[in-house]
Amino acid sequence: MRFNKSLAAAGALGLAVLTASPALADTPTDLPVAPVETTSPEAPAEKPAETPKPSEKPSAKPSAKPSPSASTKEAPEKKEVEQKGSISLSSTTAKPGEVITVSVTSTRAAITAITSRGFNPPSWNVPGKRTEYRFQVRVADNPGEHPVDAHFADGSSARAVLTVRKEAAAKTSITVDRSTAKPGDIVNVSVKSDGPDVKAITSRAFSPGSWNVPAGYKEYRFQVRVSDAYGEQAVDAHFADGSYARTTLTVEKAAEVKYGIAVTPSAAEPGDKVSYTITGKAADAYIESPAFWAKITENMTLGTTRTGTVPIRPDAKPGVHPVDVVFKDAAGRTVGTASTTITVKSPVKPVPVTGLKLDLSPNKIVAGQSYYAGVTTTNVKAGARVTITDPAGRKHVVRVDAWGEAHVKLTSPKGTRPGGYTVRAALDSGQSTSARLTVVKKHPHTQLALILDPNKVYAGGSFTAVVATSSFGKATKATITDPSGKRFTVKVGKSGVGAKKFHVPSSTRAGTYWFKAKLANGATDWAKLTVKPRYRASGFTLTPKGGADTGGGLPEGNPGYGGVALGGMLVAGSAMFVRRRTDES
C-alpha cells in the first residue's frame, strides 16, 4: 500500500488546527459541543479516486481466471483494509456530570460513531466521511469502568476505557445554639452546605415558621424568635437540589409566674429601713402600706422579680400593718394582687443626753466682729431648745435640727477689750457646756468665710450663700463655685459681707455637696450643703443614731440672712462643722 503524502499532510494539518482552535475552550461545559471538522470533506474524496493502476487491472478483466501471480498480489490488499485507528480521552477517570474531550483518529476508513455507557448521551454519530474527529461529552451517572468504542466504516473499532467515580454525597448540616428554649426566646441558627445552595429553613418552633434564603448562599446564619408550639419540633434546612438537613428544638412551657410580695425583716422600728421583693408578670406594680412613708411604683417590664428598700414612717404606730401590691398591665388593668404584713415595734425609750458640744468659729476675733456659736447634741428630740449666753450676758435660744445641730450668729461689741471670754450653751434639761473666745487688736491677714444658711435642705428647697471678709470698708467681689463647677460673682459691701440665694432642684439626690468661695487675693473657704430626701415626719421622735428627725436649728425670731450686715470678720459655722465631721470620719 502506497503512502499518500497529500492525505497525511491534510490530516496532520487538520489535527493541528483542531488542537489549536479556541472554539472548544469557549464551549460551555454543561452542553455537548457540536462536532468539530478536522479535515475538509472534499479532500479525502478526491484522493481515493486517483487509485494506482494495479488496482484497476482486476476490475478490467473480471471474467478472467486469476493466475497464480494474481492471487499472490491480492494477499497484501487484505492487510491494507485492516483498520488502524485510535481513540483517546482527556481524562480516563471522571465523576458524573463532568465534561471530557474525546479524540478519534483513523488511518483509512471514515469514523461512523462513538459509543459508551459512560457517556450522556451514550452514542455519538459522526456526520460525513471523517478520519479525525474530536468532541466533548458529559459523563453519565453510571459509576464503574466503561469501554469507549470508536466505530469505523469498514466495521473495525478502537477502544479506550473510562472509569466513572461514584460521587460522594454533599455534606449539609443545620444547628441551633441550644436544644431547649421558651416562647419568646431568641435562638441562633446556622446552616452549611458543601454542595447545593441553601434555599429555606422551616420549623413550627420558629416565629415566623419559614425563613427564605437568597440564592447563592452555601452558609447562612440568622436569629429567630421561638414560637409557642410546645414540645420537640423539627428544624429543617432545605437545599436547591431538593435535599434537606434536620435538627430539633424543644420548646418548653415557661414557668407560671405567681404574684407575691415579701418584706424583710418582718418587724422593724420607726425610721428603720426594710427590704421588699415582689414577683409578678405585669407592666407596673404599686406597693402601699400605712407603715411606709410613701407609695412605691416598680417597673415590671424589667423583670418578673423586683427588689428595693423603704423606710418605716417615723410616726408609724406600733402594731401590725398590711403591705399590699397591685400589678397592672400597660392599659392600666389589674392583672394580679398580693399582700403581706409588717410589724412596727415600739420605739426604744429615749436615753439620757450623752453629748453636748459648743464650737466658736472663729474663736479669735477683733472687737466689733461677728462669729458663730455652733451646738452639736446626741440623743436629743428634734426642736429641743438650747440657750447660748454670750460674754456680755445676752441669751440666744436656738432649736436643734434633724442632725441634732444648731448655730447662731453673735457679735462682739466694738469697745470690747482684747482678752479671753467665755460663751456658754445649756439644754432645758440642765446639761451645759462652754467655749473660749479670744478678742485681739487686729487680724494678721485678710480672711474669708463662706456660710450656707441653712446648710441642710430638702430637695426642691432654697438656701443663701453668705461670704464675709476681714477687709473693713473695702468694696470687693468674691466668686462662689457650685458643685457642678459653675461660678457666681458676689459683691462684698463695706461691712465685708455679701450674699446670694440658691435653689436646689427637686431632682437632686440626697447627699453632700460642696461650695467654694474665693477672693482675688487668693483667700478661699469651703462650705458643705447636705440635701435630705423630700419628706418630713410629723411629731418629734428620736432617730436610731440619736439626732432629731425634723427641721429647725435657727434662733427664735431670726429673720434670716436676707439683709445681713455683720460689720466685721465672719468665719462660717459650716466650715467649723466640716472640720469636725472630717475629724470624726
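For the pair Lys199 and Phe239, the NZ or CZ position fails the cation-pi test of under 6.0 Å to the six-membered ring centre and within 45 degrees of the ring normal.
Annotation: the span from Arg134 atom CZ to Ser88 atom OG amounts to 8.0 Å, rounded to 0.5 Å. One distance of note links CD of Gln233 with CZ of Phe206; it measures 10.5 Å at 0.5 Å rounding. Interatomic distance, CD1 of Ile111 versus OG of Ser157, reported as 12.5 Å (0.5 Å rounding). Considering OG1 of Thr512 and NZ of Lys456, their distance stands at 9.0 Å, rounded to 0.5 Å. The distance from atom OG1 of Thr248 to atom CD1 of Ile174, rounded to the nearest 0.5 Å, is 10.5 Å. A distance of 3.5 Å separates CZ of Arg225 from CD1 of Ile186, quoted to the nearest 0.5 Å.
Around the CZ atom of Arg306, the shell of radius 6.0 Å holds more than 12 heavy atoms that belong to other residues, nucleotides or ligands. Residue Glu145 qualifies as open at atom CD: its count of foreign heavy atoms under 6.0 Å is 12 or below. Residue Arg165 qualifies as enclosed at atom CZ: its count of foreign heavy atoms under 6.0 Å is above 12. Lys218 NZ: more than 12 foreign heavy atoms inside a 6.0 Å radius.
Ion pair Arg108/Asp154 not flagged as a salt bridge, since none of the NZ, NE, NH1 or NH2 atoms sits closer than 4.0 Å to an Asp/Glu carboxylate oxygen. Ion pairing between a basic and an acidic side chain is recognised when a charged N comes within 4.0 Å of a carboxylate O; Asp194 and Lys171 show no such pairing. Ion pair Asp482/Lys486 not flagged as a salt bridge, since none of the NZ, NE, NH1 or NH2 atoms sits closer than 4.0 Å to an Asp/Glu carboxylate oxygen.
Taking the six-membered ring for Trp and thresholds of 30 and 60 degrees, Tyr220 and Tyr217 have ring planes more than 60 degrees apart, a perpendicular arrangement.
Between Phe135 and Tyr133, the ring center distance clears the sub-6.0 Å criterion. Ring centroid separation for the pair Phe515 and Phe463 comes in under the 6.0 Å cut-off.
Partners of Phe488 by ring-ring contact (aromatic ring centres under 6.0 Å, His included), not counting sequence neighbours, listed by chain and number: Phe502. Phe327 is linked by a ring-ring contact (aromatic ring centres under 6.0 Å, His included) to Tyr259, counting only residues two or more places apart in sequence or in another chain. For Arg246, the salt bridge (charged side-chain N to carboxylate O under 4.0 Å, His left out) test picks out Asp236, with sequence neighbours left out.
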CA sep, side-chain torsions, deciding dist, call: Lys328, Asp284, salt bridge (charged side-chain N to carboxylate O under 4.0 Å, His left out): CA-CA 6 Å; Lys328 294 186 177 183; Asp284 295 293; over 6 Å; no
Side chain to side chain contact (heavy atoms under 4.5 Å, CB included) evaluation trace for Ile114 with Ile87: CA-CA 9 Å; Ile114 296 94; Ile87 181 170; 4.1 Å; yes
Step-by-step side chain to side chain contact (heavy atoms under 4.5 Å, CB included) determination, Asn142 to Val164: CA-CA 7 Å; Asn142 192 8; Val164 181; 5.6 Å; no
Full working for side chain to side chain contact (heavy atoms under 4.5 Å, CB included) between Val310 and Ile296: CA-CA 9 Å; Val310 60; Ile296 304 167; 3.6 Å; yes
Step-by-step side chain to side chain contact (heavy atoms under 4.5 Å, CB included) determination, Val323 to Tyr276: CA-CA 10 Å; Val323 181; Tyr276 62 84; over 6 Å; no
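A donor-acceptor pair under 3.5 Å is absent between the side-chain atoms of Thr247 and the main chain of Val235, judged by distance alone. Proximity of a side-chain donor or acceptor of Ser210 to a complementary backbone N or O of Thr202 within less than 3.5 Å is not detected.
Ile100 places a side-chain heavy atom less than 4.5 Å from the side chain of Leu162. Proximity of Ile261 to Ile287: side-chain heavy atoms (C-beta onward) are separated by under 4.5 Å at one or more points. With a 4.5 Å cut-off on side-chain heavy atoms, Val148 and Phe119 count as touching. Side-chain atoms of Val531 and Tyr513, non-hydrogen and from C-beta on, do get closer than 4.5 Å to each other. Contact of the Lys253 side chain with the Tyr230 side chain is registered, since non-hydrogen atoms from C-beta on lie closer than 4.5 Å. Counting only heavy atoms from C-beta outward, the side chains of Val102 and Val104 approach each other to under 4.5 Å. Counting heavy atoms from C-beta outward, Thr337 and Val325 have side chains that stay 4.5 Å or more apart. Looking at heavy atoms from C-beta onward, Val191 lies in side-chain contact with Val198 at the 4.5 angstrom threshold.
What you find for Leu249 and Arg178 is that their closest heavy atoms are CD1-O, 3.5 Å. In this structure, Ala240 and Pro196 approach most closely via the heavy-atom pair N-CB, 4.1 Å. Taking each heavy atom of Ser227 and Val251 in turn, the nearest pair found is O-CG1, 3.5 Å. When all heavy atoms of Ile342 and Ser289 are compared, the closest pair comes out as CG2-OG, 4.1 Å. Heavy-atom minimum distance, Leu89 versus Val161: CD1-O, 3.8 Å. Nearest heavy atom pair, residue Ile312 against residue Ala268, reads CG1-CB, 4.1 Å.
For the residue pair Ser339 and Asp324, a side-chain donor N or O sits within less than 3.5 Å of a side-chain acceptor on the partner. Defined by atom type and a distance below 3.5 Å, a donor-acceptor pair is missing between the side-chain atoms of Thr341 and His321.
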